[in-house]
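We use all heavy atoms of the structure for the numbers below, so side chains are in, but hydrogens, waters and symmetry mates are not.
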Amino acid sequence: MTDTALEAVLRRDRAVVTAALVVIAVLAWAYVLWLAAYMVMPGSPLPDSAGSDMAGVDMSNMGGMDMGAAVAPGFRAWASADFAFIFTMWAVMMVGMMTPSAAPMLLLYAGVGRKAQADGRPFASTGWFFAGYLAVWVVFSIVATGAQWLLARLALLDPSMATDSAILGGLVLIAAGLYQWTPIKGVCLRQCQAPIAFLTSHGGFRSAPLGALRLGVDHGAYCLGCCWALMALLFVGGVMNVLWIAGIAILVLLEKTVPTGQLIPRVSGALMAAIGTWLVFRAL
């Protein structure tokens, strides 16, 4: 294959991978927006402004699961369907939030993979790597579901799935802000900011699917180490607060893609800690 032909193929592959990632992210965000629009308190009908035949429908008994009671304190204990619903919500939300920031790594993997195939040295497809990456966030979603259950059990969440305790919210902000300054945050962020350096330090690409899956898990673990504290902030602003979700996703994307080193996390961390301290002292 000539260099010109290879460049054309690589451009096409990058376009295909980019389109696939956009579709995945858009579908995930569409689901999150749908939940934010239609998740209502138990027994409450949808507002007429929702439009379509759904307006006025009582969603408190859809599929045997009360969507509002699953997240609001004081209504009832969670059933297995509630756990499944909340887990799905978290998992899809993580896909929507984290896919854009993983795009540089995935595009690099796809481009190098096509060139390696043209040179007769193929390795496992990008899908295996991406599956390993997402598996980490699926596990995180299980933990987040458990945390939400515990907070609801302790009556520390309001119906919007945000903590109704100013002191707890402030402490979470302080903890997340301080974590932004820790060495482990810096180590994980550097691995996320430099895909080539990550691959070099982890032995390069893998020819076997399981090897690529494990490489994706490794990359996802660094990403989790970089971002888990930011995800905890969802309990401060509201798990279904779309603007809050988007703000955190944008911060994650900026941290990983804007070449400012540790500046963005440290500035944002200082602001979080300052706001958290103010919330705590105001509540005392």
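- Side-chain contact between Val280 and Leu173 is absent, with no heavy-atom pair separated by less than 4.5 Å.
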Go through the steps to decide whether Asp158 and Met161 satisfy the test side chain to side chain contact (heavy atoms under 4.5 Å, CB included), and finish with yes or no. CA-CA 5 Å; Asp158 63 23; Met161 290 182 276; 5.5 Å; no
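- Placement of Ile184 and Val252 within a single hydrophobic cluster is found when ILVMFWY residues are connected by side-chain heavy-atom separations under 4.5 Å, directly or transitively.
- In Ile196, the CD1 atom is not crowded: 12 or fewer heavy atoms of neighbouring residues, nucleotides or ligands sit closer than 6.0 Å.
- Taking hydrophobic clusters as Ile, Leu, Val, Met, Phe, Trp and Tyr residues chained together by side-chain heavy-atom distances below 4.5 Å, Trp137 shares a cluster with Ile250.
- In plain terms, the two heavy atoms of Gly220 and Val136 that are nearest each other are O-CG1, 3.5 Å.
- Using cut-offs of 30° and 60° on the angle between ring planes, the pair His202 and Tyr222 is perpendicular.
- Minimum interatomic distance between Cys188 and Cys226 (heavy atoms only, all atoms of both residues): CB-N, 3.7 Å.
- When only modelled atom types and interatomic distance are considered, Gln193 and Gln262 share no side-chain donor-acceptor pair under 3.5 Å.
- Panel note: side chain Lys256, backbone Ser101; no donor-acceptor pair is recorded below 3.5 Å.
- Heavy-atom neighbours of Arg214 CZ from other residues, nucleotides or ligands within 6.0 Å: at or below the threshold of 12.
- Put simply, the side chain of Thr163 gets close to the backbone of Leu156: a donor and an acceptor are under 3.5 Å apart.
- Remark: Leu279 CG to Leu171 CG distance equals 9.5 Å, nearest 0.5 Å.
- Between Tyr133 atom OH and Asp218 atom CG the span is 13.0 Å, to the nearest 0.5 Å.
- At least one donor-acceptor pair closer than 3.5 Å links the side chain of Trp29 to the backbone N or O of Gly96.
- When all heavy atoms of Met231 and Phe140 are compared, the closest pair comes out as CB-CZ, 3.5 Å.
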List the steps and the verdict of side chain to side chain contact (heavy atoms under 4.5 Å, CB included) for Met272 and Gln180. CA-CA 9 Å; Met272 292 173 202; Gln180 293 284 85; 4.1 Å; yes
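- Shortest non-hydrogen contact noted between Ala162 and Gly237 is CB-C, 4.0 Å.
- With hydrophobic clusters built from ILVMFWY side chains whose heavy atoms lie under 4.5 angstrom apart, Leu215 does not share a cluster with Trp128.
- Neither Leu178 nor Phe235 shares a network with the other; the hydrophobic side chains, linked directly or stepwise wherever heavy atoms of I, L, V, M, F, W or Y lie under 4.5 Å apart, form separate groups for each.
- Note that CE of Met94 and OG1 of Thr99 are 10.5 Å apart. Values are rounded to the nearest 0.5 Å.
- Rounded to the nearest 0.5 Å, atoms CD (Gln148) and OG (Ser141) are 11.0 Å apart.
- Rounding to the nearest 0.5 Å places CD1 of Ile167 at 11.0 Å from CZ of Phe281.
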Could you go step by step and tell me if Leu108 and Leu199 meet the side chain to side chain contact (heavy atoms under 4.5 Å, CB included) rule? CA-CA 10 Å; Leu108 173 66; Leu199 290 168; 3.7 Å; yes
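- Looking at heavy atoms from C-beta onward, Leu251 lies in side-chain contact with Ile264 at the 4.5 angstrom threshold.
- Heavy atoms only, all atoms of each residue included: Leu189 and Pro265 are closest at CD2-CG, 3.6 Å.
- Rounding to the nearest 0.5 angstrom, the gap separating the CG atom in Leu263 from the OG atom in Ser268 is 9.0 Å.
- Of the possible polar contacts, one joining the Trp244 side chain to the Leu233 backbone as a donor-acceptor pair under 3.5 Å is found.
- Asp82 places no side-chain N or O within donor-acceptor distance of the main-chain N or O of Phe85, the cut-off being under 3.5 Å.
- Note on Lys185 versus Glu255: salt bridge recorded, some NZ/NE/NH1/NH2 to OD/OE distance being below 4.0 Å.
- In this structure, Trp181 is not a member of the same hydrophobic cluster as Val172, with clusters built from ILVMFWY side-chain heavy atoms closer than 4.5 Å.
- Pairing each heavy atom of Met105 with each of Pro195, the nearest pair is SD-CB, 3.5 Å.
- In this structure, the ring-ring contact (aromatic ring centres under 6.0 Å, His included) partners of Trp228, at least two apart in sequence or on a different chain, are Tyr179.
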Does the side chain to side chain contact (heavy atoms under 4.5 Å, CB included) test come out yes or no for Met93 and Leu234, once each step is laid out? CA-CA 11 Å; Met93 185 162 58; Leu234 289 168; 3.9 Å; yes
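- When side chains are defined from C-beta on, Val32 counts as touching Met240, because their heavy atoms get closer than 4.5 Å.
- Using bins of under 30°, 30° to 60° and over 60° for the plane-to-plane angle, the ring pair Phe129/Phe198 lands in the perpendicular bin.
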